[in-house]
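Written out below as structure tokens is the structure these notes cover.
Bear in mind the structure is a predicted one, so any value in this text is a computation, not a measurement.
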Amino acid sequence: MEASEELESSLLTQPWASVCFGESAFLAKACFRDTGYILLISDLSSVWYESVDSETVGQRSKELNKRLTVHVSSFLHRLRNLMCPLLTGQPDAATSFSCHRAASVLSLHVKSELSGLPFYWDFHCCLAPVEMVSRHLVRPLIQMSLALQYQVRELTSLLLQKDAEIEDYRESGAALSRDRLQTKPFQEEMFQQNFVAETLPQICSVGVGQAFPSALQQLYMAVTQQEAKQARKRQRSGDAEGPAPTAETAGHPQLPPPSQEDETASSSEGITPVSSPAQKPRLPAAKAKPKKAKGLFS
């Protein structure tokens, strides 16, 4: 369980990459370790994943590659060398990928070579749980949108400052040496309207294959690294606080509740005038003879 959680934590900071299997375009990300691997893949309609440990890798490799007798770590190393170039846009020409979708399962078949012998592998991916989709896709995209919105505000403010600076130069008598460099003052409202009417339709027509260009991959990694950092900080804070100590664990045992006799005695003493400091202390209740309580008007 710990190895699986470590794999998913490492997967969080891996960027999504656009990949194609045949004529189908997907977004994918993967993480390979000596203890196993985890693969996350999506067509923006569904999200599938597979997380396996080294024992499962060993069993599957014996079924698919009966002629190969190499250590499990060699299989994992080979899979990493096949998937990483694919995710960076440089797939190996000697390796073929094909996928098959059926109901809630996506199967990815890999065909390559290892040590001069044919190498086969099948990824059996099932639908990812909602929490995983939210952690790896929804929340990072929302945070990226907020970051880009803040960046736009900063750039807009900078443009307005530049326009004010240029206007000050003009009022001081400065002139451009080249007319082609002259620009109109920036109008934020007009810019937003043109963006929605002209640029936005082009962006929305982009397919899955261009969903995560290099610049957005870097922003995704920066956002998820901050998310992982905050998660570790919250975990350390929770471990430092720990559970609140009870009265017994703190070394202060709780006193037993007073008996009915003690309550009655306390009630009768509550109306008695306070004695002088020299008065002798009352004997313990355990040794005193029980007395009938007196009422206030008896």
Side-chain angles (χ1 to χ4, degrees), residues 1-65 68 72-92 95-112 114 118-141 207-212 217 220-221 224:
M1 183 63 69
E2 293 181 359
S4 177
E5 294 177 354
E6 182 181 356
L7 275 172
E8 186 177 349
S9 298
S10 301
L11 179 68
L12 178 62
T13 56
Q14 297 296 320
W16 288 93
S18 300
V19 297
C20 290
F21 303 127
E23 298 180 355
S24 302
F26 295 91
L27 293 176
K29 59 190 305 193
C31 180
F32 292 86
R33 294 287 188 270
D34 292 337
T35 56
Y37 69 80
I38 182 170
L39 171 68
L40 201 58
I41 186 169
S42 172
D43 61 355
L44 296 187
S45 295
S46 302
V47 181
W48 301 270
Y49 87 106
E50 184 185 35
S51 178
V52 299
D53 55 17
S54 57
E55 181 178 357
T56 304
V57 171
Q59 294 175 354
R60 191 178 303 176
S61 63
K62 293 179 181 178
E63 298 172 359
L64 299 175
N65 304 277
L68 290 173
V72 175
S73 60
S74 298
F75 279 105
L76 289 168
H77 183 72
R78 180 57 177 167
L79 287 173
R80 180 170 60 248
N81 290 342
L82 293 175
M83 292 298 296
C84 288
L86 176 70
L87 297 176
T88 56
Q90 300 175 345
D92 186 2
T95 302
S96 62
F97 294 87
S98 60
C99 71
H100 176 71
R101 279 177 280 189
S104 60
V105 178
L106 183 141
S107 299
L108 179 61
H109 181 70
V110 184
K111 181 179 180 181
S112 184
L114 177 62
F119 174 79
Y120 303 99
W121 191 258
D122 290 335
F123 294 96
H124 302 297
C125 303
C126 61
L127 288 175
V130 175
E131 195 281 331
M132 178 180 286
V133 177
S134 176
R135 187 184 185 197
H136 290 270
L137 196 57
V138 178
R139 288 205 302 264
L141 289 179
V208 180
Q210 300 179 6
F212 268 87
Q217 286 182 339
Y220 178 91
M221 292 174 63
T224 52

Spatial distance of atom [atom1] ([X]) from atom [atom2] ([Y]) [nearest 0.5 Å]:
{"X": "Leu114", "Y": "Ser74", "atom1": "CG", "atom2": "OG", "value": "7.0 Å"}
{"X": "Asn81", "Y": "Leu86", "atom1": "CG", "atom2": "CG", "value": "13.0 Å"}
{"X": "His136", "Y": "Leu27", "atom1": "NE2", "atom2": "CG", "value": "14.0 Å"}
{"X": "Thr224", "Y": "Leu11", "atom1": "OG1", "atom2": "CG", "value": "9.5 Å"}
{"X": "Arg139", "Y": "Glu131", "atom1": "CZ", "atom2": "CD", "value": "6.0 Å"}
{"X": "Phe32", "Y": "Ser73", "atom1": "CZ", "atom2": "OG", "value": "14.0 Å"}

Q. Would you call Arg33 and Glu6 a salt bridge, using N to O less than 4.0 angstrom?
A.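 Here Arg33 does not pair with Glu6 in a salt bridge, since their nearest N and O are not under 4.0 Å apart.
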Within-4.5 Å side-chain heavy-atom neighbours: [X] and [Y]:
{"X": "Leu87", "Y": "Val19", "result": "yes"}
{"X": "Lys29", "Y": "Tyr49", "result": "no"}
{"X": "Trp121", "Y": "Leu82", "result": "no"}
{"X": "Cys125", "Y": "Val105", "result": "no"}
{"X": "Leu39", "Y": "Met83", "result": "yes"}

What pair of heavy atoms forms the shortest contact from [X] to [Y], and how long is it?
{"X": "Cys99", "Y": "Phe21", "answer": "SG-CB, 4.0 Å"}
{"X": "Phe75", "Y": "Asn65", "answer": "CE2-ND2, 3.9 Å"}
{"X": "Gly36", "Y": "Leu7", "answer": "C-CD1, 3.8 Å"}
{"X": "Pro85", "Y": "Arg80", "answer": "CD-O, 4.1 Å"}
{"X": "Ser10", "Y": "Cys31", "answer": "CB-SG, 3.6 Å"}
{"X": "Asp122", "Y": "Arg60", "answer": "O-NH1, 2.7 Å"}

Q) More than 12 foreign heavy atoms under 6.0 Å from CG of Asp34: is that the case here? A) no
Q. What do you reckon, is NE2 of His124 surrounded by more than 12 foreign heavy atoms closer than 6.0 Å?
A.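 Yes.
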Q: Spell out, as yes or no, whether a donor-acceptor pair under 3.5 Å connects the side chain of Ser61 to the backbone of Val57.
A: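 Between the backbone of Val57 and the side chain of Ser61 there is a qualifying donor-acceptor contact (under 3.5 Å).
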Q) Ignoring hydrogens and geometry, is there a side-chain-to-backbone donor-acceptor pair from Gln217 to Trp16 under 3.5 Å? A)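 Confirmed, Gln217 side chain pairs with Trp16 backbone.
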Q: Would you please name every residue forming a side-chain hydrogen bond (donor to acceptor under 3.5 Å, both in side chains) with Ser98, sequence neighbours left out?
A: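 By the side-chain hydrogen bond (donor to acceptor under 3.5 Å, both in side chains) rule, Ser98 matches no residue at all.
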Q. Can Leu40 and Gln14 be said to form a side-chain contact (heavy atoms from CB on, under 4.5 Å), step by step?
A. CA-CA 10 Å; Leu40 201 58; Gln14 297 296 320; over 6 Å; no
Q: Give every residue pair that meets the salt bridge (charged side-chain N to carboxylate O under 4.0 Å, His left out) criterion with at least one member in residues 95-112, sequence neighbours excluded.
A: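 For residues 95-112, and leaving out neighbouring residues, the salt bridge (charged side-chain N to carboxylate O under 4.0 Å, His left out) pairs sorted by first residue read Asp43-Arg101.
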Q. Hey, do the aromatic rings of Tyr37 and Phe123 have their centres closer than 6.0 Å?
A. yes
